[in-house]
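This report refers to the structure that appears directly beneath it.
This structure is a prediction, so every number in the text was calculated from the model and none was measured.
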Amino acid sequence: MFKKILIAEDHESINLSVQKTLEDLNIPNVDYVYYCDDALAKIQKSIRENEPYDLLITDLYYEEDHREQEIKDGKELIQKIREIQPSLKIIVFSAEHKSGVINSLFKEYEINGYVRKARNDSKELKKSIASVYINENYLSLDMKQDVKKFNSYEFSAYDITVVTLLSKGVLQKNIPVHLLEKGIKYSLSSVEKKLNSLKEDLEVTSNEQLVAFCKDIGII
């Protein structure tokens, strides 16, 4: 099992809860911080002292307070850590539920596990730690199904642009004009065909539902 773990979590009660979970697993060396800057500093220090961490458990979103921080969120923290310790195992422990965001964490940020803050999250966290320890990425079954649904349709940059315009209140008939301003030449009939195709593939019946779906999965 992991010997040295760092917890980065800004809410004290949750931080303590994760510490308790690691105590249950008999992890011998556990450190914790409440700020991303402190997390990076501890990891840098551990590397200098040749006693690196085996695992980082981090939140995704951090609330701003009186203390000015250079690193604002978990994504930025992960990016910086990957630059100095690429092999560090990382589990994100967050309330985020959007499948598009979670999918990007694995694909773009190369995290090793994701646990959503919810009922039985302590049990899920233990399972994730065990899986990541044997080099298996971890995502709970319900989240896997959501991400699979997200990946079943490949959104193009054009798809995202059109739906984003709708989300900003642009009428469907005016979308070609806005696309032209971006250097994209599409007729109204092409836009209509694209939107109808998206709605059919995603099993929604209106532009409003399409926008809501894309917001829910986190692509806009």
Side-chain angles (χ1 to χ4, degrees), residues 1-47 49-62 71 73-148 150-151:
M1 182 52 72
F2 293 113
K3 302 298 183 184
K4 188 175 183 181
I5 298 178
L6 177 63
I7 304 165
E9 164 62 55
D10 59 342
H11 288 184
E12 184 178 10
S13 60
I14 299 175
N15 201 311
L16 290 169
S17 176
V18 177
Q19 291 177 50
K20 177 63 169 63
T21 298
L22 298 184
E23 284 180 15
D24 293 344
L25 293 174
N26 297 314
I27 306 299
N29 193 338
V30 176
D31 291 326
Y32 61 90
V33 294
Y34 297 103
Y35 296 91
C36 291
D37 286 5
D38 291 344
L40 182 61
K42 275 193 171 290
I43 289 170
Q44 289 172 327
K45 183 173 182 287
S46 72
I47 293 171
E49 296 176 348
N50 200 28
E51 295 181 349
Y53 289 96
D54 306 312
L55 172 68
L56 167 70
I57 300 173
T58 180
D59 196 355
L60 201 55
Y61 306 112
Y62 289 75
I71 306 174
D73 59 34
K75 286 183 178 180
E76 190 177 348
L77 173 63
I78 292 167
Q79 283 181 317
K80 290 186 178 297
I81 287 170
R82 284 286 178 244
E83 293 173 3
I84 62 172
Q85 191 181 347
S87 63
L88 180 65
K89 303 291 188 182
I90 298 176
I91 294 173
V92 172
F93 185 43
S94 170
E96 178 60 73
H97 67 281
K98 293 177 181 177
S99 51
V101 175
I102 295 167
N103 185 66
S104 73
L105 289 172
F106 282 97
K107 287 192 172 181
E108 297 176 30
Y109 295 85
E110 299 182 345
I111 69 168
N112 305 98
Y114 183 89
V115 176
R116 184 182 171 195
K117 294 175 181 175
R119 288 191 181 93
N120 301 314
D121 54 16
S122 178
K123 184 185 298 183
E124 289 290 334
L125 190 55
K126 289 177 182 177
K127 288 164 66 176
S128 73
I129 292 169
S131 294
V132 171
Y133 179 69
I134 59 173
N135 297 316
E136 292 181 358
N137 285 354
Y138 182 85
L139 185 61
S140 62
L141 183 60
D142 59 329
M143 296 306 299
K144 274 183 182 177
Q145 292 170 341
D146 289 344
V147 170
K148 184 177 180 181
F150 170 81
N151 284 324

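A salt bridge is absent between D38 and K42; no separation between the charged side-chain nitrogens and carboxylate oxygens falls under 4.0 Å.
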- Item | Trace of the side chain to side chain contact (heavy atoms under 4.5 Å, CB included) decision for K75 with V101 | CA-CA 11 Å; K75 286 183 178 180; V101 175; 4.1 Å; yes
- Derivation of the side chain to side chain contact (heavy atoms under 4.5 Å, CB included) call for L60 and L105: CA-CA 10 Å; L60 201 55; L105 289 172; 3.8 Å; yes
- Task: Mind running side chain to side chain contact (heavy atoms under 4.5 Å, CB included) on I14 and K117 for me, showing each step along the way?
- Result: CA-CA 9 Å; I14 299 175; K117 294 175 181 175; 3.8 Å; yes
- Task: Report the C-alpha separation of I111 and T58 in whole Å, then their side-chain angles, then the decisive distance to 0.1 Å, and conclude whether the side chain to side chain contact (heavy atoms under 4.5 Å, CB included) test is met.
- Result: CA-CA 11 Å; I111 69 168; T58 180; over 6 Å; no
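Side chain of D73 to backbone of Y61: no donor-acceptor contact under 3.5 angstrom is found. For N15 (side chain) and V33 (main-chain N/O), a donor-acceptor pair under 3.5 Å exists by modelled atom type. Side chain of E96 to backbone of K98: a donor-acceptor contact under 3.5 angstrom is found. Distance alone, capped at 3.5 Å, places no donor-acceptor pair between the K80 side chain and the L40 backbone. A donor-acceptor pair is defined here as one N or O able to donate and one able to accept, closer than 3.5 Å; no such pair exists between the side chain of N29 and the backbone of K3. Under the 3.5 Å distance criterion, the side-chain polar atoms of D121 are left unmatched by any main-chain donor or acceptor of R116. Of the possible donor and acceptor atoms, none in the side chain of D31 sits under 3.5 Å from a partner among the backbone N and O of L6.
No more than 12 heavy atoms of other residues, nucleotides or ligands lie within 6.0 Å of CD in E12, so this atom counts as exposed by the packing criterion. Within a 6.0 Å radius of OH in Y138, more than 12 heavy atoms belonging to other residues, nucleotides or ligands are found.
Between I47 atom CD1 and I43 atom CD1 the span is 7.0 Å, to the nearest 0.5 Å. Separating the CG atom in L55 from the CE atom in M1 is a distance of 9.5 Å, to the nearest 0.5 Å. Note that the OG atom of S131 and the CD1 atom of I91 stand 8.5 Å from one another [nearest 0.5 Å]. K123 contributes atom NZ, which lies 12.0 Å from atom OG1 of T21 (distance to the nearest 0.5 angstrom). The CD atom of E9 sits 6.5 Å away from the OH atom of Y62 when rounded to the nearest 0.5 Å. Between atom CD1 of residue I7 and atom CD of residue Q19 there is a gap of 5.0 Å, rounded to the nearest 0.5 Å.
Nearest heavy-atom pair, K4 versus P52, reported as atom, atom and distance to 0.1 Å: CD-O, 3.8 Å. In this structure, G74 and C36 approach most closely via the heavy-atom pair N-SG, 4.3 Å.
Proximity of F2 to V132: side-chain heavy atoms (C-beta onward) are separated by under 4.5 Å at one or more points. The shortest side-chain heavy-atom distance between L22 and I57 falls under the 4.5 Å cut-off. Taking 4.5 Å as the limit, every side-chain heavy atom of E23 sits out of range of all side-chain heavy atoms of V30.
The stretch residues 98-132 participates, sequence neighbours left out, in no ring-ring contact (aromatic ring centres under 6.0 Å, His included) pair at all.
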Show which side-chain atoms of residues 82-89 pair as donor or acceptor with protein atoms under 3.5 Å away, not counting sequence neighbours.
residue: R82; atom: NH1; partner: P86; partner atom: O; Å: 3.1
residue: R82; atom: NH1; partner: L88; partner atom: O; Å: 2.7
residue: R82; atom: NH2; partner: L88; partner atom: O; Å: 3.4
residue: R82; atom: NH2; partner: E110; partner atom: O; Å: 2.8
residue: Q85; atom: NE2; partner: Y53; partner atom: O; Å: 3.0
residue: K89; atom: NZ; partner: N135; partner atom: OD1; Å: 2.7

